[in-house]
J.: 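Next up is a structure, given as structure tokens.
The chain is numbered in sequence order, starting from 1.
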Amino acid sequence: MDDPWLLAYPRDSGEATEHSLRDLLLNAHEFDDLLVDFPTQKPALFRQLLLPIVLAALGRPRDTSEWAALFDQGKFVDDQRAALERYLDKYRHRFELFDETDPFGQVAGLTAVSGETKGTALLVVTAATGNNVPLFSARSDADPLELTPQQAARWLLHAQCWDTAAIKTGAVNDPKVKAGKTTGNPTGPLGQLGVVMPIGRTLYDTILLNLPSGPSLRSDDRPQWTRRNTNGRVEETDSVALPAWQTRAATGLLDLWTWQSRRIRLLPEQTDDGVRVSRVIIAAGDRLSQVPDFEPHTTWTLESTGRAGGKSGRGKQRQVLPRRPRRHQPGKAVWRGLDALLALSREGREATAKAQGFETSILLDELNARREEMPSDYPLQIEVTGVVYGTQSAVVEDVIVDSIPLPLAALDLDSLARATILEVVSQAEDLARALNNLSADLRRALGAEPMPWDKGQRPGDVVLHALDDLVRRLLAGLRTAGEDFDLVERGHLAWERKARTVAQRVADRLMAAVPGSAFLGRTITVDRQQRTYRLATAEAGFRRQLDRILPRATAARGEPGEDPTTEA
């Protein structure tokens, strides 16, 4: 706890430095953000460590006004620092990484039924292990991956959140072990959802932005380090320090954030370079029966099943709306999913779910209520992370990481900023479809079939990639534009002009690449009707779509261009 092991960026320096848990929390206002070994470590460190300590020591804000008072402070004041100090002192012994009787986040004496241990590459998501080691890799499974205690602690928390699924080592004294292993293990809790985190100006702000308001914590809602009892008389809900595991629901935020999805034991050894961890045991841990309704770090997909769910106000049967966490799509920028991030508030979801289909996260919904207490130009960032698993979720195929600036005004359902953002996102998607249609028509003019949607790189993807920087610059500009209609409109016009130039450039490359036979074209029969596809008609159709998608740029053609970085 008092040894430096967490990296953070001090506000007065661009260089990250190592700090103790105590120093990082008490002086959170002095740091910009955490520095992590891998992007998916950040939500793991917040959820498994920083947020639950603050929540357990200080409690949760009861309402928006209480949260606003904390936000206005800009830092933990003396009485809060004292409460954090008392809490850290009380549970200091629970944070010893290599304690013989109760190591932090582990099971003391955990032993595999086979008696074997594994290399620490099993902990590190970026390290190839087992059948995933490339044929010509510089290292193999036989080569030890030595981790410092600081690195091992960070990857330990990461594994509790993101570990792969399927078969795990069977642990001695686990009654559910069969043939030396356990099967059917799900991924870690964060692997089952697309993580959405609001990021603030300082580490202190980020902690507050990720604390939901509400009533006092339940008495049985505790972090994992207070559920540990190693004297052999362990209650059913306090078995996190034993090899046995169970399937159950989370009792509250503290339980959920510090969920022990794996039973782990780090095996330190003394080397010439000091203490290092190169061997580990990872066995089955507790399984969440379902992602709870109070999970704050995800948006939701709503599905109307038509199943009866009780009576509405007029006595009619009300439809049940199952909720499941939304997953991030690989290769899709976070701004393309802003319709979900800016979805209607949770209270209004039943009336709009059929048309809308999703719901924003608890934290972003609360930010809508809190935005009046924050500066209108507050530099809020939305950071998303996710993992794509393959082969029965037993391997990591891809990691999704992205962040965007988000104007606070965009959280207001009736704001100009929100309407502009959603229109820009829709326009970008329409431009991608227009270019895909152009490509399809050009291919038909040559007698070929349109490119399959799941094969190769489609021109729509090219234009979305080219528009990425323009959209992010517009989002940043809208933060300072506020609700000034003229300023926002000028920014939107400038964006449309730039977008038209980008789309036309991609289209010109497509048309320049087709051979001369495209001028004559081909006539094909579709639904008993003949239709002729040629270069001229394809180009004319694309230009009509451009005019429809970008009405401001179309109406203002011939006027001097404007740069969205200097407008909205």
Side-chain angles (χ1 to χ4, degrees), residues 6-9 14 16 31-51 121 123-128 132 151 154-165 187-201 203 205-207 209-210 257 261 291 295-300 325-342 360-361 363-364 379-390 393 395-406 425 428 461 464-473 475-476:
L6 294 168
L7 291 164
Y9 293 102
F31 302 100
D32 286 329
D33 200 2
L34 295 179
L35 174 65
V36 291
D37 304 308
F38 199 67
T40 45
Q41 272 189 4
K42 184 188 286 190
L45 291 174
F46 272 100
R47 288 171 62 102
Q48 289 274 336
L49 202 64
L50 304 182
L51 293 175
L123 272 180
V124 181
V125 70
T126 57
N132 295 320
Q151 292 171 325
R154 295 193 290 265
W155 284 114
L156 166 71
L157 299 181
H158 185 274
Q160 296 288 10
C161 294
W162 298 101
D163 191 42
T164 54
T187 66
L190 295 190
Q192 302 172 38
L193 48 90
V195 176
V196 177
M197 281 188 64
I199 304 296
R201 182 164 38 204
L203 184 60
D205 284 5
T206 299
I207 289 173
L209 291 170
N210 286 274
W257 280 342
S261 65
V291 178
E295 168 59 65
H297 287 122
T298 188
T299 57
W300 303 86
R326 287 174 63 87
R327 303 289 296 270
H328 303 313
Q329 295 182 27
K332 185 174 181 178
V334 61
W335 58 262
R336 296 176 60 192
L338 277 172
D339 50 354
L341 291 177
L342 303 180
T360 193
S361 74
L363 294 174
L364 291 184
L380 176 68
Q381 293 276 331
I382 300 299
E383 198 166 280
V384 303
T385 47
V387 170
V388 180
Y389 300 94
S393 298
V395 296
V396 173
E397 283 192 347
D398 197 5
V399 173
I400 301 165
V401 182
D402 198 4
S403 66
I404 56 167
L406 185 67
V425 172
D461 298 329
L464 285 171
H465 177 73
L467 291 173
D468 185 80
D469 185 54
L470 293 177
V471 174
R472 294 174 192 273
R473 288 158 61 190
L475 288 172

J.: What are the two closest non-hydrogen atoms of A333 and R472, and how far apart are they?
T.: CB-NH2, 3.9 Å

J.: Could you check V425 against D339 for side-chain contact (heavy atoms from CB on, under 4.5 Å), going step by step and ending with a plain yes or no?
T.: CA-CA 8 Å; V425 172; D339 50 354; 5.9 Å; no

J.: Please list, chain by chain and in numerical order, all residues satisfying side-chain contact (heavy atoms from CB on, under 4.5 Å) with P189, sequence neighbours excluded.
T.: W259, S261, L288

J.: Between P330 and I400, what is the shortest heavy-atom contact and its length?
T.: N-CD1, 3.7 Å

J.: What are the two closest non-hydrogen atoms of P325 and W300, and how far apart are they?
T.: N-CE3, 3.7 Å

J.: Would you please name every residue forming a side-chain hydrogen bond (donor to acceptor under 3.5 Å, both in side chains) with Q160, sequence neighbours left out?
T.: Q260

J.: Could I get the full list of side-chain hydrogen bond (donor to acceptor under 3.5 Å, both in side chains) partners for R201, not counting sequence neighbours?
T.: none

J.: Is the side chain of N210 donor-acceptor paired with the backbone N or O of P198 at a distance under 3.5 Å, no angle test?
T.: yes

J.: Applying salt bridge (charged side-chain N to carboxylate O under 4.0 Å, His left out) as the test, list every pair that has at least one member in residues 32-41; sequence neighbours left out.
T.: R11-D32, D33-K42, D37-R154

J.: When you compare the side chain of V395 with that of T164, does any pair of heavy atoms fall below 4.5 Å?
T.: no

J.: Are side-chain heavy atoms of F38 and T385 found at a separation under 4.5 Å?
T.: no

J.: Would you indicate whether the side-chain heavy atoms of S403 and I199 approach each other to under 4.5 Å?
T.: no

J.: Are H328 and V196 packed together at the side-chain level, in the sense that at least one heavy-atom pair is separated by less than 4.5 angstrom?
T.: yes

J.: Evaluate side-chain contact (heavy atoms from CB on, under 4.5 Å) for Q41 paired with L157, printing each intermediate quantity in order.
T.: CA-CA 8 Å; Q41 272 189 4; L157 299 181; over 6 Å; no

J.: Does a side-chain heavy-atom distance below 4.5 Å link W257 with L49?
T.: no

J.: Going by distance alone, is a donor N or O of one side chain under 3.5 Å from an acceptor N or O of the other, for D402 and W335?
T.: no

J.: Is there a side-chain contact between T206 and L50, using heavy atoms and a 4.5 Å cut-off?
T.: no

J.: Is any side-chain heavy atom of T187 closer than 4.5 Å to a side-chain heavy atom of V387?
T.: no

J.: Quick one: pull up CE in M197 and OG in S361 and give me the separation to the nearest 0.5 Å.
T.: 11.0 Å

J.: Rounded to the nearest 0.5 Å, what's the gap from CG on L203 to CG on L6? Could you check?
T.: 9.5 Å

J.: Identify the two heavy atoms, one from R327 and one from L193, that lie closest to each other, and give their separation to 0.1 Å.
T.: CD-CA, 3.7 Å

J.: Drop me the distance from T299's OG1 to L363's CG, to the nearest 0.5 angstrom.
T.: 11.5 Å

J.: Excluding sequence neighbours, so at least two apart, what forms side-chain hydrogen bond (donor to acceptor under 3.5 Å, both in side chains) with W155?
T.: none

J.: Once you round to the nearest 0.5 Å, how far does CG of D205 lie from CG of L380?
T.: 10.0 Å

J.: Check for a donor-acceptor pair, side chain of Q329 on one end and backbone N or O of G331 on the other, with a separation under 3.5 Å.
T.: no

J.: Minimum heavy-atom separation for C161 to Q48, with atom names?
T.: SG-CG, 3.7 Å

J.: To the nearest 0.5 angstrom, please state how far the NZ atom of K332 sits from the CG atom of D461.
T.: 11.5 Å

J.: Evaluate the side-chain proximity of V125 to W162: yes if any heavy-atom separation is below 4.5 Å, no if none is.
T.: no

J.: So, using side-chain hydrogen bond (donor to acceptor under 3.5 Å, both in side chains) as the criterion, who are the partners of T40 when residues are at least two apart?
T.: H158

J.: If you compare all heavy atoms of L123 against all heavy atoms of A159, which two are closest, and at what distance to 0.1 Å?
T.: CD2-CB, 3.6 Å

J.: When rounded to the nearest 0.5 angstrom, what distance separates CD1 in I382 from CG in L338?
T.: 9.0 Å

J.: I'd like to know if the side chain of T360 reaches the main chain of L342, judged simply by a donor and an acceptor atom lying under 3.5 Å from each other, with no hydrogens or angles considered.
T.: no

